[in-house]
Amino acid sequence: MKTSFRDIYCGEVSDRFIGKELKLCGWIKRVRDLGGMIFFDLKDREGYIQCFVEKANTKVYNIVKDIRMEDCVWIKGMVRERKDKNPNIKTGNVEIEVFEIKLFNRSSELPFLVEDDINVFEETRLKYRFLDLKRPLMQNNIILKHRFVQIVRDNLNKKGFIEVETPYLSKSTPEGARDFLVPSRLAPGKFYALPQSPQLYKQILMVSGFDRYYQFARCFRDEDLRKDRQPEFTQLDIEMSFVEEEDVFQMIEELFEDIFNRLFMKTLNCPFPRLTYFTSLNKYGSDKPDLRVNWEIKDFTNLLKDKGIKIFEGCEAILSLEIDVDITRKKVEELNEFVKSQGGKGVTYVKYTDSLSGPLSRFISADYLKKGNVYLFVADKKEKAIFILGRLREKCIKLLEPELKEDFSFVWITEFPLYVWDEEEKRWEPAHHPFTMPRNPGDIDKSPREVIGRQYDLVLNGVEIGSGSIRNHDPELQRKILKKMGYSDEDIEKRFGFFLSALSYGAPPHGGIALGLDRIIVTLLGLGSIRDVIPFPKTAKGYALFEGAPSEVGKEQLKDLKLELKNEND
RNA sequence: GGGGGCGUAGUUCAGCCCGGUUAGAACGCUGGCCUGUCACGCCAGAGGUCGCGAGUUCAAAUCUCGUCGCCCCCGCCA
């Protein structure tokens, strides 16, 4: 981009500028001082170009002699065709003979090299995030996110969606995650909550007749963190009026088709496959199965129960994960340790190559097995065995590096239970959130366990990247659902009255979805941690290492808020 | 809240089990040599509160306890 300082980006210098004089700005990448002449690479966002100066040009030479990596400079020079071309770099055909140079700003000694291929603790990277973000790899991640967002905007705008903002200072609603609270100065003793999601606002926008809404909304949840969980994260929040599941599915599939097309020039297989929650659980042991492999869980309970196999004694279910790759005994041992770490008893196996082998081979007939496959067995209470095999399945995908059917495998999970029983609190909790429309509301009173919520999750490569539902637009039914969750009429009025009131003014049928932007980008890039696609993330304990947040505040600030700090032990 | 791993030069690591010379290496940094390098090369050098605190010991980077920070996992995340 031409500015008063420069003509083009360093990475844009090419054959067509040979013989032309250019002004460039950027940072020093590497210096190669040969004594009689000095080479250095000048870099910016778009790439880098080799520059050189000979000793004869004393004025420039004397400056260049002292430059170091990451110094910020301006140069003027002539583009030359190289004698020894470097095919490994974009600008490798040409180089610049420097006529003039100006040092804008020097760089202090670096804590690490600003290059892609570094081996540095994340702690150090976060402390010097401004350098970490300078690495091409990190820039690519952030820029891909930018392009993704622009395509989404373009796609949804064309479909008639309106981008609407919603408040960050909001009302604390119980349930779900812990809220981040913000004390109010004007109302001492009262607190705003940062929104866990714009759920209620977007439903209210439907009541207001906007018909189709979206927003890249920052969401806040004060829970313990993981590599795929930050205290603040971005959701692509979408809501539509007068729709059913099919409308949402189609809209999202078209959106991803567009994204893959424009971002990767790839065609997606649409529509995405669908699984009900119970099928997914029973087949894959997970409500977010990675379908890049087709390994399934098989039930061997009837075949192997009470056959005198010691390790299966007294177990309710004997289940097996059928995989189509070979496995070494050493890796089985590793899986065995893993299963124990997940609270299971252990894992054993049968391998069917030319004949049967493995600890279970003498108890089972080849008639029930498929040649070439390995069967990993876990026995336990049924629910637990399924859970463990689900975890084992994920572990095997990482450990055994199977050939994948495709790079990206989407799947819709549908028909979730509306309620789950919370054993600790002894009450019914919403499986998704309390505003989901039940498919069979008649069952709420007599058998809450059987009520199906019109909820759906979108899963990509074993990562839950989105979740949504057809919402409840009937205020009376909504009241009934909340009541079943143990709220008194009074509680409901106090906490959700504003929302129920909105529903009672001609709320349309509506539904939508929220997609986790950071998780999607990280999955598309094949990375592990969403911290690598968030410019300024927090650590696992919620600290911002660069600026040092959270931090203590002054007495005056607390006084304004009518707050006092108590000493520990509470 | 619980479990595991890590913390030694600016950075990444070795040394720690089995306590005992001046705590090493690579990259980076400083100085010198070098006109076709592109991870330039060669020579020389500087650089350490061994995370912090206590304990054991004649003696602790090394053993013990506590504590802080980073990473991963379980719980938690409507």
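Since the structure is predicted, the reported quantities are computational estimates derived from the model, not experimental observations. Note on naming: letters A, B, ... go to the chains in the order of the sequence lines (proteins, then strands), and numbering restarts at 1 for each one.
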Strictly below 4.0 Å: does A/S341 bring a side-chain N or O up to OP1 or OP2 of B/rC73?
no
Tell me whether the OP1 or OP2 atom of B/rC70 has a side-chain N or O from A/T539 closer than 4.0 Å.
yes
Pairs in or reaching into residues 538-547 of chain A: which pass side chain to side chain donor-acceptor pair (under 3.5 Å), with residues at least two apart or in two chains?
A/E232-A/K538
In chain order, what residues pass the salt bridge (Lys or Arg N to Asp or Glu O under 4.0 Å) check against [X], with sequence neighbours excluded?
X      : answer
A/D443 : A/K446
A/D44  : none
A/E450 : none
A/K384 : none

Check the distance between [N]'s [atom2] and [X]'s [atom1] and give it to me in whole angstrom.
X      : N      : atom1 : atom2 : value
A/K127 : B/rC68 : NZ    : C1'   : 13 Å
A/K395 : B/rC73 : NZ    : C1'   : 10 Å
A/D532 : B/rC71 : CG    : P     : 12 Å
A/I28  : B/rC40 : CD1   : P     : 13 Å
A/F220 : B/rC76 : CZ    : P     : 24 Å
A/R129 : B/rC70 : CZ    : P     : 14 Å
A/E123 : B/rG10 : CD    : C1'   : 15 Å
A/K227 : B/rC70 : NZ    : P     : 18 Å

For nucleotides 36-38 of chain B, give me every protein contact, N/O to N/O, under 3.5 Å, one pair per line with atom names.
residue	atom	partner	partner atom	Å
B/rG36	O2'	A/D84	OD2	3.0
B/rG36	O6	A/K83	NZ	3.4
B/rG36	N1	A/E95	OE2	3.0
B/rG36	N2	A/E95	OE1	2.6
B/rG36	N2	A/E95	OE2	2.9
B/rU37	O2	A/R32	NE	2.7
B/rU37	O2	A/Q50	OE1	3.4
B/rU37	N3	A/Q50	OE1	2.8
B/rU37	N3	A/Q50	NE2	2.9
B/rU37	O4	A/Q50	NE2	2.7
B/rU37	O4	A/R82	NH1	3.3
B/rC38	O4'	A/R32	NE	3.0
B/rC38	O2	A/Q50	OE1	3.3
B/rC38	O2	A/R82	NH1	3.3
B/rC38	O2	A/N86	ND2	3.3
B/rC38	N3	A/R82	NH1	2.7
B/rC38	N4	A/D84	O	3.1

Would A/E122 and A/R531 pass as an ion pair if we require N to O under 4.0 Å?
yes
What is the pairing partner of [N], taking Watson-Crick or G-U wobble pairs with both distances under 3.5 Å in any strand?
N      : answer
B/rG66 : B/rC52
B/rC42 : B/rG32
B/rC58 : B/rG20
B/rA26 : B/rU11

Output one line per pair: protein atom, nucleotide atom from nucleotides 42-45 of chain B, and distance, for all N/O pairs under 3.5 Å.
none

Is any side-chain heavy atom of A/I96 closer than 4.5 Å to one of A/Q50?
no
Identify whether any heavy atom of [X] sits under 4.0 Å from a base atom; if not, whether one sits that close to sugar-phosphate; answer base, sugar-phosphate or nothing.
X      : answer
A/S529 : nothing
A/K55  : nothing
A/Y543 : sugar-phosphate
A/R531 : sugar-phosphate
A/D224 : base
A/R125 : nothing

Could you give the distance separating B/rG19 and B/rU56 at their C1' atoms, to the nearest angstrom?
11 Å
Integer angstrom distance from the P of B/rG51 to that of B/rG41
32 Å
Which salt bridge (charged side-chain N to carboxylate O under 4.0 Å, His left out) pairs, counting each pair once, include a residue from residues 477-487 of chain A, with sequence neighbours left out?
A/D445-A/K480, A/E476-A/R479, A/R479-A/E493, A/K483-A/D489
For the ring pair A/F130 and A/F546, is the centre-to-centre distance below 6.0 Å?
yes
Side chain A/N336, main chain A/V332, donor-acceptor under 3.5 Å:
no
Give the nucleotide from the list B/rC76, B/rC70, B/rU12 with an atom nearest to the side chain of A/F121.
B/rU12
If you only use heavy atoms from C-beta on, which nucleotide in B/rU12, B/rC70, B/rG75 is closest to the side chain of A/V120?
B/rU12
When only distance counts, do a donor and an acceptor, one from the side chain of A/R229 and one from the base of B/rC76, lie under 3.5 Å apart?
yes
Can you check nucleotides 23-33 of chain B for protein contacts, nitrogen or oxygen pairs under 3.5 Å, and list what you find?
residue	atom	partner	partner atom	Å
B/rU30	OP1	A/R68	NH1	2.8

Tell me every residue that passes side-chain hydrogen bond (donor to acceptor under 3.5 Å, both in side chains) with A/E123, counting only those two or more places apart in sequence or in another chain.
none
Listed by chain and number, what are the side-chain hydrogen bond (donor to acceptor under 3.5 Å, both in side chains) partners of A/W74, not counting sequence neighbours?
none
Sequence-distant partners of A/Y48, ring-ring contact (aromatic ring centres under 6.0 Å, His included), two or more places apart
none
